[in-house]
J.: 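Would you mind keeping the following structure in view while I ask a few things?
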Amino acid sequence: MTLEAERKACATCSKTGSTAMCYGCQQTFCTKHFIKHRSHLSQQMKNFHQKQDIFHQDLVGDTFEHPLLESIQAWERKSISRIQEIAGKTRNDLQQWIEKTKSQVQDSLKQIDEQVQSSEKTDNYTELDFTRWNKQLEELRDLLEKPSNVSIVEDEKPWSVIRTIKLIEKRPSVASSLLELTQVDACPEKPIESHPESFVIMFGPCKLSDNDHVVTHSNYRAGLSQTTGINQYSSGRHSITFRVENKGNKNIFLGIISSSHKIISPTFDYSVHGWWNLDHTIINGESKGGESNELLEKDDQLTLVIDCEEQQIELEHHRTKRRVHLQIKHDVCPYPWKILVRLLTAGDSIRIV
């Protein structure tokens with residue numbers, strides 16, 4: 001043992017004259033505490049083996065669950081909830097149709113009953129009357145059990161991951177020649193209204209012109225600018241037509257935003273719904289579908305239909321004659337709605353026609 005080693009103090013008791021050094025922690029110890037130090041390392045080895053054994057059991061056992069599985073389960077629960085919501089609405093619509101049809105059938109059955117009683121009372125009936133009455137009864141039963149004027153259809157919108165269903169009622173193609181029923185027509189589609197609209201700047205580098213009918217990205221650098229409209233929509237069907245006055249290398253966003261809640265972030269709002277491109281949608285403020293080929297061109301016209309009755313919006317691209325739809329959840333994007341235009345590239349410009 002060298003003199004230098006003798007002068008080193010024990011890391012545990014601070015006594016000089018240490019006799020051993022640990023090359024792991026680079027500390028010296030007296031004989032007593034060196035033994036304890038090695039004993040501590042031995043315990044650490046046992047603890048590590050226990051962790052190894054536990055991890056091995058988790059790996060080969062049934063308790064191991066990848067964290068992404070919870071994401072899948074959350075999506076599954078959300079999807080099931082959405083399906084149940086759609087099924088409940090369609091089921092309620094069908095039940096209303098059944099009750100309405102039953103009322104029609106009862107009125108018609110009453111007419112038949114009056115005819116039968118009158119013929120029986122006067123003893124004025126033949127085989128032809130029985131043929132006619134039997135046919136009328138069969139038609140009434142078919143109206144309830146085998147309706148030809150109502151069906152369940154699937155929504156075939158290409159952007160929809162879960163296809164919705166809805167009840168469709170149409171006028172019968174052939175009227176009965178033997179029985180006149182008091183038909184209650186399906187509610188006609190409400191006409192599309194067109195109100196004078198103009199832009200209002202929310203934030204970002206943009207300027208208005210031509211009586212606020214034109215908005216233009218005014219910065220020499222690209223950056224998000226956001227513009228809304230003066231009107232608020234909470235009922236009926238409304239259309240606003242736009243024309244692209246100028247466009248750079250980025251798409252222009254058209255859609256809606258709720259005006260009934262406070263905007264927390266100028267760049268993100270979960271009530272935003274619309275399109276950067278017809279294949280690139282924003283739903284609940286989040287991008288769906290990713291980037292796609294640039295579709296909009298200068299002088300293109302687009303019509304945005306805001307349908308508060310069906311809780312959806314529609315965008316028509318006139319040049320390609322394409323139409324896309326977005327269903328809006330009222331709890332995410334409550335009424336009233338307002339138009340929303342976003343520009344990214346300097347010089348981009350769009351006009352309300």
J.: With a 4.5 Å cut-off on side-chain heavy atoms, are Glu309 and Ser235 touching?
T.: yes
J.: Do His318 and Thr303 get their side chains close enough for a donor-acceptor pair, meaning under 3.5 Å?
T.: yes
J.: Side-chain contact, heavy-atom cut-off 4.5 Å: Arg323 with Val305?
T.: no
J.: Check whether the side chains of Asp113 and Gln117 place a donor and an acceptor atom closer than 3.5 Å, and report yes or no.
T.: yes
J.: Could you tell me if Gln52 and His49 have a donor-acceptor pair between their side chains, going purely by distance under 3.5 Å?
T.: yes
J.: A side-chain contact here means heavy atoms from C-beta on lying under 4.5 Å apart; do Ile313 and Trp275 qualify?
T.: yes
J.: Nearest heavy-atom pair of Thr228 and Ile339: which atoms, and what distance?
T.: OG1-O, 2.7 Å
J.: I'd like to know if the side chain of Gln26 reaches the main chain of Tyr23, judged simply by a donor and an acceptor atom lying under 3.5 Å from each other, with no hydrogens or angles considered.
T.: yes
J.: Is there a side-chain contact between Ile240 and Leu254 in this structure, where contact means two heavy atoms from C-beta onward sitting under 4.5 Å apart?
T.: no
J.: Under the criterion side chain to side chain contact (heavy atoms under 4.5 Å, CB included), which of Leu340, Leu344, Val341, Leu343 is the partner of Phe253?
T.: Leu340
J.: Is any side-chain heavy atom of Asp210 closer than 4.5 Å to one of Arg351?
T.: yes
J.: Would you say the side chain of Asn246 lies within less than 4.5 Å of the side chain of Thr216, judging by non-hydrogen atoms?
T.: no
J.: Please report the closest heavy-atom contact between Ser349 and Val214, naming both atoms and the distance.
T.: OG-CG1, 3.4 Å
J.: When you measure from the side chain of Ser14 to the backbone N and O of Ala9, does any donor-acceptor pair fall under 3.5 Å?
T.: no
J.: Using modelled atom types and a 3.5 Å cut-off, is there a donor and acceptor pairing between side-chain atoms of Ser118 and backbone atoms of Glu114?
T.: no
J.: For Thr126 and Leu128, indicate whether the former's side chain and the latter's backbone hold a donor-acceptor pair under 3.5 Å.
T.: yes
J.: Answer whether the closest heavy-atom distance between the side chains of Asp300 and His317 falls below 4.5 Å.
T.: yes
J.: Strictly below 4.0 Å, N to O, side chains only: are Lys110 and Asp107 in salt-bridge contact?
T.: no
J.: Taking atom types as modelled, is there a side-chain donor on Glu138 or Asn134 under 3.5 Å from an acceptor on the other?
T.: no
J.: Could you tell me which non-hydrogen atom of Leu304 sits nearest to which non-hydrogen atom of Gly255, and how far apart they are?
T.: CD2-O, 3.6 Å
J.: Which atom pair, heavy atoms only, marks the closest approach of Cys206 to Thr227?
T.: SG-OG1, 3.9 Å
J.: Is it true that Glu197 and Lys338 have a side-chain N and a carboxylate O under 4.0 angstrom from each other?
T.: no
J.: Side-chain contact test, heavy atoms from C-beta onward, threshold under 4.5 Å: evaluate it for Gln115 versus Gln136 and give yes or no.
T.: yes
J.: Which distance, rounded to the nearest 0.5 Å, do you find between the CZ of Arg342 and the CD of Gln226?
T.: 4.0 Å
J.: May I ask you to check whether Arg82 and Gln327 show a side-chain donor-acceptor distance below 3.5 Å?
T.: no
